[in-house]
Enquirer: 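Have a look at the structure that comes next, please.
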Amino acid sequence: MNIYLSLLIGTIRNALRAWQDVELENLALRHQLAILMRSARRPRLEPADRLLWCWLSRRWSRWRSAVVVVQPDTIVRWHRTAWRHYWTWRSRRPPGRPRISAEVRDLIQRLAGDNPRWGAVRIQGELL
């Protein structure tokens, strides 16, 4: 009797939830089942699996209740690592100022040598 009551309550609760929550939970459970089916003993997670769980953790507020294969803290750690790698990739550029061509450098030195009273502002103005 107790099992039927819990099934009835679960069915009513699922009927009242948003469709998006049900679809995301279905995706999460099916994905975990696929992971367990392809692994012999210990589940081996690939980078695509980690990306899916990071995406689910951002899109679905109840993702922690559906995780069985790994601990929720592990997924949070993956998410932080993914963001760190993303921003490292996004902000990559050579360090320091861009190089000045040899011709411009020679011109600056010639202007400074020919006109000793000119300062940096005047030389910059002449270059412009």
Side-chain angles (χ1 to χ4, degrees):
M1 182 67 176
N2 197 11
I3 207 164
Y4 295 117
L5 183 62
S6 67
L7 284 174
L8 179 65
I9 291 171
T11 304
I12 292 170
R13 187 186 65 194
N14 284 340
L16 296 176
R17 280 191 350 205
W19 277 104
Q20 185 181 14
D21 281 350
V22 174
E23 289 174 0
L24 289 174
E25 183 178 13
N26 193 5
L27 173 69
L29 294 175
R30 284 180 184 267
H31 185 258
Q32 290 181 81
L33 185 61
I35 290 171
L36 292 173
M37 293 292 280
R38 75 172 180 233
S39 303
R41 294 183 187 152
R42 184 176 174 198
R44 297 283 179 197
L45 295 169
E46 297 172 356
D49 301 328
R50 293 182 176 127
L51 284 174
L52 176 74
W53 277 105
C54 290
W55 179 80
L56 273 175
S57 71
R58 297 296 292 168
R59 290 280 187 200
W60 183 33
S61 61
R62 297 176 35 129
W63 64 274
R64 289 179 186 260
S65 64
V67 177
V68 177
V69 177
V70 294
Q71 294 180 356
D73 293 337
T74 304
I75 295 173
V76 171
R77 189 180 72 236
W78 291 341
H79 191 259
R80 287 181 182 150
T81 304
W83 271 111
R84 196 174 314 118
H85 287 308
Y86 171 74
W87 282 111
T88 301
W89 169 80
R90 183 87 168 127
S91 62
R92 69 175 193 263
R93 57 189 155 102
R97 297 178 62 169
R99 293 192 143 271
I100 299 174
S101 68
E103 296 170 353
V104 173
R105 225 174 317 146
D106 293 338
L107 179 61
I108 291 171
Q109 289 175 353
R110 192 177 49 141
L111 285 173
D114 292 346
N115 306 299
R117 293 181 175 240
W118 285 8
V121 176
R122 177 78 187 261
I123 292 175
Q124 182 182 9
E126 289 294 324
L127 288 174
L128 291 176

Enquirer: Quick check against the 3.5 Å criterion: does R105 have a side-chain atom that pairs as donor or acceptor with the backbone of I100?
Expert: yes
Enquirer: Roughly how far, to the nearest 0.5 Å, is the NE2 atom of H79 from the CG atom of L56?
Expert: 11.0 Å
Enquirer: Please indicate whether L127 has more than 12 foreign heavy atoms, meaning atoms of other residues, nucleotides or ligands, lying under 6.0 Å from its CG.
Expert: yes
Enquirer: Under 3.5 Å, side chain of D49 to main-chain N/O of E46, donor-acceptor pair present?
Expert: yes
Enquirer: Work out which heavy atom in R110 is nearest to a heavy atom in L107; give both atom names and the distance.
Expert: NH2-CD1, 2.8 Å
Enquirer: Does R122 form a salt bridge (Lys or Arg N to Asp or Glu O under 4.0 Å) with E126? I'd like the steps, not just the answer.
Expert: CA-CA 6 Å; R122 177 78 187 261; E126 289 294 324; 3.7 Å; yes
Enquirer: So how far is it from R77 CZ to T74 OG1, rounded to the nearest 0.5 Å?
Expert: 5.0 Å
Enquirer: Please say yes or no: joined through hydrophobic side-chain contacts below 4.5 Å, possibly via intermediate residues, are W83 and W78 part of one cluster?
Expert: no
Enquirer: If you compare all heavy atoms of W53 against all heavy atoms of A28, which two are closest, and at what distance to 0.1 Å?
Expert: CH2-CB, 3.6 Å
Enquirer: Whether the side chain of Q124 engages the backbone of G119 through a donor-acceptor N/O pair (distance < 3.5 Å, no angle test) should be reported.
Expert: no
Enquirer: If you count heavy atoms of other groups shown closer than 6.0 angstrom to CZ of R80, is the number above 12?
Expert: no
Enquirer: Nearest heavy-atom pair of Q32 and V67: which atoms, and what distance?
Expert: OE1-C, 3.6 Å
Enquirer: Mind checking the CG-CG spacing from L29 to L24? Nearest 0.5 Å is all I need.
Expert: 11.0 Å
Enquirer: Taking the side chain as every heavy atom from C-beta outward, state whether L52 and L27 have any atom pair closer than 4.5 Å.
Expert: yes
Enquirer: How about W87 and R90: do any of their side-chain heavy atoms sit closer than 4.5 Å?
Expert: yes
Enquirer: For G113 versus P116, what's the shortest heavy-atom pair and its separation?
Expert: O-CD, 4.1 Å
Enquirer: State the CD-CD1 distance between Q109 and I123, to the nearest 0.5 angstrom.
Expert: 10.0 Å
Enquirer: Heavy-atom count around R38 CZ within 6.0 Å, excluding the residue itself: above 12?
Expert: yes
Enquirer: Same cluster or not: are L51 and L45 linked, directly or through other Ile, Leu, Val, Met, Phe, Trp or Tyr residues, by side-chain heavy atoms under 4.5 angstrom apart?
Expert: no
Enquirer: Would you check if the side chain of R92 reaches a backbone N or O of W89 as a donor-acceptor pair within less than 3.5 Å?
Expert: yes
